[in-house]
Amino acid sequence: MKIGFEKYNLQDEILKSLKDLGYNKPTKVQEKVIGEALLNKDLLVKAQTGTGKTAAFVIPICEKIKWEDNNPQALILSPTRELAIQINEDVKNIGRYKRIKSTALYGKSPFKDQERELKAKCHIVIGTPGRVLDHIDRGTFNVKELKYLVIDEADEMLNMGFIKQIEGVIRRIPKKKVTMLFSATLPEEIKSLSAKYLDRPVEIKI
Ligand code: AMP
């Protein structure tokens, strides 16, 4: 029996980067999420930070990215600039050998620099909801080819009052896509967000 990441039939480039990172076997949340995500299921995941939840969505997304396509294929929403930067690091590490291009978008940082990165080849965008919405509305972020949406630390985003912006983003991106919602807690607001925007999600609790 294979206990490592080999069982998912991931591309060699992805397996090689996991090996470099010293990720020898999936954590609990990765064990439950990766297989379902590779099947393009919508997911509602209750998991805390420190469980390996970031790689749980970054691994299948990096696997699914089509390198030839120039417009963003995945969008990851994060409550803070710090978390967006951290997720971007994880994407760069896991996507290294596949040469995956990613950009982090957040406020209080020059719009122009972010615009330039979005103009170049960019497979994955990680950002805070307000700044992401700004780029979409100014036409600097082309969302037409988005196939994956991750709402990370959803309860944090709700606590910070980002619900309007999250819904604004969802309204502007393609309806046909895979959505994964990650949250440390599942209060009513998160359940209703899930009911409204996720399609028969697989529920995973760690
Ligand atoms: P996270 O919950 O995403 O903040 O991840 C917590 C920590 O676990 C990070 O430092 C990751 O680099 C590490 N990590 C994630 N997946 C694995 C794995 N499969 N094996 C070992 N460490 C991991």
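All ligand and atom numbering here is 1-based and tracks the order in the structure. For the single chain, residues carry numbers from 1 onward in sequence order.
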Any N or O on [X] sitting closer than 3.5 Å to an N or O of ligand 1?
{"X": "Gly22", "value": "no"}
{"X": "Gly52", "value": "yes"}
{"X": "Thr51", "value": "yes"}

> Nearest heavy-atom pair of Glu189 and Ser192: which atoms, and what distance?
Replying inline: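 Answer, listing the atom of Glu189 first, then Ser192: O-OG, 3.2 Å.
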> Which of the numbered atoms in ligand 1 are below 4.0 angstrom from a heavy atom of Thr49?
Replying inline: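 Listed by number with element, the hits are 2 (O), 4 (O).
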> Which atoms from ligand 1 have a heavy atom of Lys25 less than 4.0 Å away?
Replying inline: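 What qualifies from ligand 1 is 18 (C), 19 (N), 20 (N).
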> In terms of ring plane angle, is the pair Tyr23 and Phe5 parallel, tilted or perpendicular, where the classes change at 30° and 60°?
Replying inline: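 Rings of Tyr23 and Phe5: tilted, as their planes differ by 30° to 60°.
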>> Restricting to salt bridge (charged side-chain N to carboxylate O under 4.0 Å, His left out), what partner residues turn up for Arg116, sequence neighbours left out?
In response: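 Salt bridge (charged side-chain N to carboxylate O under 4.0 Å, His left out) list for Arg116, sorted by chain: Asp113.
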> Could you go step by step and tell me if Leu10 and Ile59 meet the side chain to side chain contact (heavy atoms under 4.5 Å, CB included) rule?
Replying inline: CA-CA 9 Å; Leu10 298 167; Ile59 292 168; 3.9 Å; yes
>> If the threshold is 4.0 Å, N to carboxylate O, is there a salt bridge linking Glu167 and Lys164?
In response: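 Not counted as a salt bridge, because no side-chain N and carboxylate O are separated by less than 4.0 Å.
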Give a yes or no on whether [atom] lies under 4.0 Å from any heavy atom of the protein.
{"atom": "atom 1 (P) of ligand 1", "value": "yes"}
{"atom": "atom 9 (C) of ligand 1", "value": "no"}
{"atom": "atom 6 (C) of ligand 1", "value": "yes"}

Suppose we measure from [atom] to each protein heavy atom; which comes out shortest, and what is that distance?
{"atom": "atom 21 (C) of ligand 1", "answer": "Tyr23 CD1, 3.7 Å"}
{"atom": "atom 16 (N) of ligand 1", "answer": "Gln30 NE2, 2.7 Å"}
{"atom": "atom 3 (O) of ligand 1", "answer": "Thr54 OG1, 2.6 Å"}

> Considering only heavy atoms from C-beta outward, does the side chain of Thr140 approach that of Asp134 to under 4.5 Å?
Replying inline: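 No. Closest side-chain heavy atoms not under 4.5 Å.
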> Can you list the steps and then say if Val132 with Gln165 is a side chain to side chain contact (heavy atoms under 4.5 Å, CB included)?
Replying inline: CA-CA 9 Å; Val132 166; Gln165 282 104 321; over 6 Å; no
> Side chain, backbone, both or neither: which part of Phe182 comes within less than 4.0 Å of ligand 1 when only heavy atoms are counted?
Replying inline: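 Neither part.
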>> Cation-pi check for Trp67 against Lys101: NZ or CZ below 6.0 Å from the six-membered ring centre and within 45 degrees of the axis, yes or no?
In response: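 Not satisfied by the 6.0 Å and 45° rule.
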